[in-house]
Every structure is written in structure tokens, then in C-alpha cells.
2 protein chains.
Amino acid sequence: MIGARVRQFRTARGLTMSELADRAGVAKSYLSAIERDLQTNPSIQFIEKIANVLDVDINALLKDEAATNSSDETAALDEEWQKLIAEAMESGVSKEEFKDFLEYNKWKLKQK
Amino acid sequence: MIGARVRQFRTARGLTMSELADRAGVAKSYLSAIERDLQTNPSIQFIEKIANVLDVDINALLKDEAATNSSDETAALDEEWQKLIAEAMESGVSKEEFKDFLEYNKWKLKQK
DNA sequence: TAAGAACGTGCGTTATAATGAACAAAAGAT
DNA sequence: ATCTTTTGTTCATTATAACGCACGTTCTTA
């Protein structure tokens, strides 16, 4: 279904529904209905708008999930992790700080 | 416009409007309006139907804006970040620990 | 802990996508 | 040449896509 894909890309970009709807110039209430598959037949202009903001090809939203993420790297990351990544990047956490955090945790796990 | 492309593919297949509309299961009156650009915002299900009969990819009918992709640096998932995250997941770092790390860093940045 | 903002959803309304006739013009057949 | 069938169009009607606003909840900020 198309709703799942829209939500997937949206959360991956760390965007809220209000934000996406605002940027795309569509009603957030309708976007909500689309993501929950309460409505499943949007127009091409609607799809173009949100695809434009999400910066993805229109096919990425229309494509049946069969070919979409068979062996896609980003698909390996589950949804919650993607949110965390987006949040991390936006908050200005440096990669170095994160690396330190990683090493510290590895060390901590070893102590058990 | 989309109408020109539909007509182009249809005539190329030697199909009449009545025939295409019939096979696709849509109203020929509406198909007529689409081809003459009296209506320019069909639904994805409509396009899928006729694209299916015409045996063309959906893009072939929408391709007017094929090159609208200029990947956003800030929003897109940074490649190096992805590797770090993958490493984090494999090393068994829990989401909770990562969340705590994020909050701590946000707080730290605020202190300046 | 209270106030305020931002989040997503529910609902009534509007705009328009999509339909099913019936129609005139053109093509094809007898 | 008239009759018949097929073509694409017009028009009134129905279905639903899309909207704006208000509401309850969940984060923030003080």
C-alpha cells in the first residue's frame, strides 16, 4: 500500500505529518488518511507534491513493495532507528562524539 | 501534459478510445477529457489501469518531470552515518542507551 | 505543575474525479 | 444512395478526493 511507503520515507527524513503537509501544500488531515490507508487513491498531483518534498522518485511511492526493498541498505534499518538517526543528525551531534559513545558501550558490554 | 502521451501510446497501438477505455475498465468520456487536457489530474489507479493495457511503465505517462531530483544534503541519510548506525546495531547497543546518549548531547550543546 | 505549543486524528464541507447515458459526425457495408 | 456501426464528444449525475477547522493527546518550556 502507498500509505506505508509515504510514512516510511517521511519518518526517515525526520519529518512530521504537519511539516510534510505544510511543505507540500496539502492538507495534513488527508495526508493522515493516506498513511493509514483510509484513502488509497490519491491524484498524481498530490503524489508529485509530496514526492517532491521527500525528494524521492514518484515510483518509490507507487512501487509495489516487492521490488522496493528486497536488498536495500536503508531498509535494513528499522523505522525507530531511522528516527533516531535523523534526530541525531539534526541535533548537531558530531560523528566523533558518536564514535566515542560506541567504543564506550562496547567496552561496557565486555565487562559483564 | 499527460493527455498527449496517452493518445500517443494509444494510437501507436492502433487502439480506439472506446477500446482502450473498455479494456482498462474506465469511462471513455473521461478518457476523452484526459487526452484533450480538459482534465489533468487523474488518480493513480486510473493511470495504472490504462498503463497496464497500453503495456507501458507508469513513468512513460508521467515523465514530464523526470529530473526533479536534487538530493538534499541535510535531510538525506549521510552514508557515513549509516555505517555508524549499522555498527551500533550489530554491537548490541540498545535503542534506550542511544536515546540517553542523544538527550545528554542535546543538553550538553545547550550549555555551550 | 501549569501553560503552551506541536502532534496526529475526526468530521463536515467543497471541489472535482469519474461515470453512464445520449448525441452528431464519420466510416463501412449493402 | 440509405442504413448500420463505430468513432469521439457533450452533459447531467454520482462518487470520492482533498480541504479547513476543531478536538484530544502528547511533548516542551517556564
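Below, chain A is the first sequence line, B the second, and so on; all start at residue 1.
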- Query: Using a cut-off of 4.0 Å between protein heavy atoms and nucleotide atoms, how would you tag nucleotides 3-9 of chain D 5' to 3' with B, S and -?
  - Reply: ----SBB

- Message: Could you tell me if the side chain of A:Leu15 sits less than 4.5 Å from the side chain of A:Arg23, heavy atoms only?
- Response: yes

- Rounded to whole angstroms, how far apart are CD on A:Gln39 and C1' on D:dA18? 7 Å

- Under 3.5 Å for both distances, Watson-Crick or G-U wobble, that's the pair rule; now give the dot-bracket for DNA chain D, with | marking pairs to another strand and [ ] for crossing ones. .|.||||||||||||||||||||.||||.|

- Using a 4.5 Å cut-off on heavy atoms from C-beta on, say whether the side chain of A:Leu61 contacts that of A:Ile50. yes

- Task: Name all residues meeting the side chain to side chain donor-acceptor pair (under 3.5 Å) criterion together with B:Arg36; count only those two or more places apart in sequence or in a different chain, and write none if there are none.
- Result: B:Ser32

- Task: Using atom OH of A:Tyr30 as one end and atom P of C:dG8 as the other, report the distance to the nearest whole Å.
- Result: 18 Å

- Do NZ/NE/NH1/NH2 and the carboxylate oxygens of B:Lys28 and B:Glu19 come within less than 4.0 Å? no

- Query: Given atom CG of A:Leu38 and atom P of C:dG8, what is their separation to the nearest angstrom?
  - Reply: 15 Å

- Item | Nucleotide D:dT16, atom C1' - distance to CD1 of B:Ile44 in whole Å | 14 Å

- Check the distance between C:dA6's P and A:Leu20's CG and give it to me in whole angstrom. 17 Å

- Query: What residue pairs, at least two apart or across chains, pass salt bridge (charged side-chain N to carboxylate O under 4.0 Å, His left out) with a residue in residues 49-60 of chain B?
  - Reply: none

- For B:Gln39, what residues pass the side chain to side chain donor-acceptor pair (under 3.5 Å) criterion, not counting sequence neighbours? none

- Query: How close or far is atom P of C:dA17 from atom CD1 of B:Ile34, stated in whole angstroms?
  - Reply: 8 Å

- Message: Strictly distance-based, threshold 3.5 Å: is any side-chain N or O of A:Thr40 a donor or acceptor partner for the main-chain N or O of A:Asp37?
- Response: no

- Contacts satisfying ring pair (Phe, Tyr, Trp, His ring centres under 6.0 Å) that involve residues 18-54 of chain A (not counting sequence neighbours) are A:Tyr30-A:Phe46

- Query: So do the side chains of A:Arg5 and A:Val56 get within less than 4.5 Å of each other, counting heavy atoms only?
  - Reply: no

- Item | Between D:dA15 (C1') and B:Asn41 (CG): distance, integer Å | 16 Å

- Query: Roughly how many Å is it from CD in B:Gln45 to C1' in D:dT16, rounded to a whole number?
  - Reply: 11 Å

